[in-house]
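These notes concern the structure reproduced below.
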Amino acid sequence: MNWKHNALAHDLAENLRQNTARIVWEDMQLGPSGTARPDVYAIPCSFSKFCPVVYEIKVSVSDFRADVTAGKYTKYFAYASAVVFAVPEGMLKKSDIPEGCGLMVRKESGWHTLKGPTMRSLDNLSRDAWIKLVIDGIRRETERTRLMMRSAPVYVDERRLAQRHGNEIASLVSQAYNAKARLESAIQNQEKRRAEVFQQTEQEARWQREQMERQAESLNSAQADLAEVLGLPADATVYQLTRAINEASYRLAQDSEIQRLRGLFSRLEDLLVSANQKLPGEPVNAGAA
């Protein structure tokens, strides 16, 4: 396959997202204008080791040789523990790679590591780098997920919702859908029984009316429970309930990524605390360069 640079970079980023426990950024400049801009930047989700990796994408031998000769890749060591060159299959050999760097190749079957990098010690990133990764990263990840969800189905199964929205929201949506189903079923049964009443004797009709009253109480209770879940008055109509459920489902589908990103930032904060990282704004240890 004749890979273009951006397509190959995105393919590698998706491979890292799906097959490794890493937070991944694409084409992210790590600071003000003129600072390093890795094609793919990844931080493993580890609470004990801080070892970000830069993946430099190359689709031509001339581009690779020009960058290696100029030493461009060495600038990444201020932000990463390792640099890995990622290329189409057959373009480079292990012997072509600078000492200490790694090599990954894209074959028909996927990405394969031909040479592992030497991991260097890195204590922390600069304040500017963290701000770029968090703020700009939120915007990019939200847009990426929004595009992915355009064609994604809406699930009402609580277990699947828990994976996308969190247990609390999943339980709420699941209860709403289940309550709606119970309400519709109860209405159908009530209408069926009402039709049968007119074919029965007066005594049977009276008995049936008593039964219907008890069922109506249960129906009103289910309707009130559903209204409470959706934040509506207890006497809300079936139309109002159905409309509120549809609107809530739409909002959840639009805002689901915000929940996931909050969890991501919480894990990132835990990672920094566990690794005794310095707060943003404090001087970076000289060894990080």
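Since this is a predicted model, take the numbers as computed values, not measurements. Any value given below was found using the heavy atoms of this structure, including those in side chains, with hydrogens, waters and symmetry copies removed.
- Note: Trp130 and Phe50 have tilted aromatic rings, judged against thresholds of 30 and 60 degrees for the angle between ring planes.
- Applying the side-chain contact (heavy atoms from CB on, under 4.5 Å) rule to Pro117 yields the partners Ala82, Val84, Met119; only residues at least two apart in sequence or on another chain are considered.
- One finds the OH atom of Tyr41 at 10.5 Å from the CE atom of Met28 (value rounded to the nearest 0.5 Å).
- Considering only heavy atoms from C-beta on, Val40 comes within 4.5 Å of Leu16 through its side chain.
- The distance from atom CD1 of Ile245 to atom CG of Leu232, rounded to the nearest 0.5 Å, is 9.0 Å.
- Residues Pro52 and Leu122 share a closest heavy-atom pair of CG-CD2, 3.6 Å.
- Residues passing the ring pair (Phe, Tyr, Trp, His ring centres under 6.0 Å) test with Tyr76, sequence neighbours excluded: none.
- A distance of 10.5 Å separates CG in Asn19 from CD in Glu14, rounded to the nearest 0.5 Å.
- In this view, Glu26 and His10, Arg17 satisfy the side chain to side chain donor-acceptor pair (under 3.5 Å) rule, not counting sequence neighbours.
- The salt bridge (Lys or Arg N to Asp or Glu O under 4.0 Å) contacts involving residues 97-110 comprise Asp11-Arg106, where partners must be two or more places apart or lie in separate chains.
- Considering only residues two or more places apart in sequence or on other chains, Thr74 meets the side-chain contact (heavy atoms from CB on, under 4.5 Å) condition with Phe77.
- Listed by chain and number, the residues in a salt bridge (Lys or Arg N to Asp or Glu O under 4.0 Å) with Lys115 amount to none (sequence neighbours excluded).
- Listed by first and then second residue, the salt bridge (Lys or Arg N to Asp or Glu O under 4.0 Å) pairs that reach into residues 28-48 are Asp27-Arg37, sequence neighbours excluded.
- Taking 4.5 Å as the limit, every side-chain heavy atom of Phe85 sits out of range of all side-chain heavy atoms of Leu114.
- Judged purely by atom type and a 3.5 angstrom limit, Trp25 uses its side chain to pair as donor or acceptor with the backbone of Leu133.
- For Ser81 (side chain) and Ser121 (main-chain N/O), no donor-acceptor pair under 3.5 Å exists by modelled atom type.
- With sequence neighbours excluded, the residues forming a side-chain contact (heavy atoms from CB on, under 4.5 Å) with Thr113 are Met104, listed by chain and number.
- Residues passing the side chain to side chain donor-acceptor pair (under 3.5 Å) test with Asn2: none are found, sequence neighbours excluded.
- Taken to the nearest 0.5 Å, the OG1 atom of Thr20 stands 13.0 Å off from the CH2 atom of Trp111.
- Applying the side chain to side chain donor-acceptor pair (under 3.5 Å) criterion to Ser46, with sequence neighbours excluded, gives Ser48.
- Using a 4.5 Å cut-off on side-chain heavy atoms (C-beta onward), Tyr73 and Pro98 make contact.
- Rounded to the nearest 0.5 angstrom, Leu103 CG and Leu92 CG are separated by 6.5 Å.
- Scored by the side-chain contact (heavy atoms from CB on, under 4.5 Å) test, Thr242 finds Lys180, Val238, Asn246 as partners (sequence neighbours excluded).
- Here the CD atom belonging to Glu56 is positioned 11.5 Å from the CG atom belonging to Leu12, to the nearest 0.5 angstrom.
- Hydrophobic clustering keeps Ile131 apart from Tyr79 (ILVMFWY residues linked when any side-chain heavy atoms are closer than 4.5 Å, directly or through intermediates).
- Not counting sequence neighbours, Asp96 has no partner by the side chain to side chain donor-acceptor pair (under 3.5 Å) test.
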